[in-house]
There are 2 protein chains.
Amino acid sequence: MNKVAKVEARAAAPASPPLTERQEARRRRILHASAQLASRGGFDAVQMREVAESSQVALGTLYRYFPSKIHLLVATMQDQLEHMHGTLRKKPPRGEAAAERVAETLMRAFRALQREPHLADAMVRALTFADRSVSPEVDQVSRQTTAIILDAMGLEHPTPEQLSAVRVIEHTWHSALITWLSGRASIAQVKIDIETVCRLIDLTAEPPADS
Amino acid sequence: MNKVAKVEARAAAPASPPLTERQEARRRRILHASAQLASRGGFDAVQMREVAESSQVALGTLYRYFPSKIHLLVATMQDQLEHMHGTLRKKPPRGEAAAERVAETLMRAFRALQREPHLADAMVRALTFADRSVSPEVDQVSRQTTAIILDAMGLEHPTPEQLSAVRVIEHTWHSALITWLSGRASIAQVKIDIETVCRLIDLTAEPPADS
DNA sequence: ATCAAGTCTGAAACTTGTTCTAGATTAGCG
DNA sequence: CGCTAATCTAGAACAAGTTTCAGACTTGAT
């Protein structure tokens, strides 16, 4: 558990030596195994030895690709998020107000997570448990989430105020998911929380009495 | 790691067989050791064997008092929160609007956490990582936090809307702390997020056009 | 004071994340 | 093709959370 983090981990996209085809395939197998095990039993069910076995890769290799279980699960989340962003793009929310559209988008994402609650558990727990050594990857997830929300708002040039609102919405989104996953809040409660926080958007939407 | 959770863990306050003096003392020693180790090196530095040794208690006993490391750290948080609520009570915030007062209170709490960032790390990470087996204890922490915020708002009978706002504020508070602890947000950024979310209070403060 | 039930201790064992090693394989290059 | 560095594999080893157990100690009731 010594997190002395050799600075060697590489993020998903940026300038790492390009992977060969077999390497790309390995990476994909690993992520697939991870998601599959997570879907079964959540965070605890994703055991590194099992991931390695399922993906036909030696344990040491698994650790070369993903330097920790948290890295692996955060990468799994990146993967799923990309997928979801694609899906959401196809059917843009139909609400009038930006707040409505964001709430609808997040509820749509929430419903998707409900279909695989164990997977959601694994990903979200990893995300919030991640320490500094995973910051770049977590940040990437955060940017992706921001992109989804801004998409829903339909904004080209968000004001700083609006970006703050988006940050708060993300905070609420993550934390509300946690309370749901740990059984301390109902689905209905999460819905209310999301709708409540989305009202912040209205607060920043119209700058009528402004310079 | 089998979390088959024997239903046996007892919460802090409710009807558990009252502890003898020596037991109370042991419990206190354990919590003290936990906080002390956490203050040094955060979550990772709180090692059960060390906690046991520091508090002069056998490992098995430690586990009898706190059925997991997470339980221990959440209990540590309860302890610290109580302390903080007491402190905050003494000097109520002086702002005009409820939103101001809440933001000021939270920033005060935040500054306290900054004084012991490692301790904050251990407690907050435990809190958000906790699974269902810790729900009662986490809920208690949540209630305590809610009480602090309502105190700052100065409300006797909060409306459901206001309670929703408080929930969202708590979400933001926890999540913002996480981003700060993992080095993805600055202190200034956390301040902005808190102030932003507190504006929600204004939204629910005046029900002028109401039945 | 004494006994039964419950608690505490010390130590070993078990689990799962992580690291390390020696030897096989593969990739890229001359 | 043949070489060299990088990568991969199998498996042992290590670290820290958790469980277990036999025996010593406390407690509460008689």
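So that the names make sense, note that chain A is the first sequence line, chain B the second, and so on, each numbered from 1.
Atom CZ in A:F66 sits about 13 Å away from atom P in C:dT18, given to the nearest Å. The distance between atom CZ of B:R22 and atom C1' of D:dT27, rounded to the nearest whole Å, is 10 Å. For the pair A:E53 CD and D:dG11 C1', the computed distance is 14 Å after rounding to whole Å. Rounded to whole angstrom, the span from the OH atom of A:Y65 across to the C1' atom of C:dT18 amounts to 19 Å. Rounded to an integer number of Å, the gap from A:E50 CD to C:dT16 P is 9 Å. Atoms CZ (B:R49) and C1' (D:dA16) sit 6 Å apart, rounded to a whole Å. The distance between atom CG of A:L62 and atom C1' of C:dT16, rounded to the nearest whole Å, is 13 Å. Computed from coordinates, the A:R29 CZ to D:dC8 P distance equals 11 Å when rounded to whole Å.
Here the side chain of B:T20 is nearest to one of C:dT18, D:dG28, D:dT19, namely D:dG28. Candidate nucleotides D:dC8, C:dG28, C:dT16 were compared by shortest atom distance to the side chain of A:Q47, and C:dT16 ranks first. For B:A58, whose side chain is taken as the heavy atoms from C-beta onward, the closest listed nucleotide among D:dA12, C:dG10, D:dT18 is C:dG10. Of the candidates D:dT19, C:dG17, C:dG10, C:dG17 carries the atom nearest the A:K69 side chain, counting heavy atoms from C-beta on.
The shortest distance between the side-chain N/O atoms of B:Q23 and the OP1/OP2 oxygens of C:dC8 is below 4.0 Å. For B:R26, a side-chain nitrogen or oxygen approaches OP1 or OP2 of C:dC8 to under 4.0 Å. Phosphate proximity of C:dC8 to B:R64: present, with a side-chain N or O under 4.0 Å from OP1 or OP2. Close to C:dC8, at under 4.0 Å from its OP1 or OP2, lies no side-chain N or O of B:Q56. The phosphate of D:dC8 has neither OP1 nor OP2 within less than 4.0 Å of any side-chain N or O from A:Y63.
Residue pairs that meet the ring pair (Phe, Tyr, Trp, His ring centres under 6.0 Å) test with at least one member in residues 99-127 of chain A, sequence neighbours left out, are A:F110-A:W180.
The six-membered or imidazole ring of A:F43 lies away from that of A:F129, with a centre-to-centre distance of 6.0 Å or more.
Checking A:G60 against A:F43, the closest nucleotide of DNA chain C that is more toward the 5' end is the one next to A:F43.
B:S34 places no side-chain N or O within 3.5 Å of a backbone atom of B:I30 that could act as its donor or acceptor partner.
For A:H32, the NE2 atom sits in a loose shell: 12 or fewer heavy atoms of surrounding residues, nucleotides or ligands are nearer than 6.0 Å.
No contact: A:V51 has no heavy atom under 4.0 Å from any strand.
Under the ring pair (Phe, Tyr, Trp, His ring centres under 6.0 Å) criterion, B:F66 pairs with no residue at all, not counting sequence neighbours.
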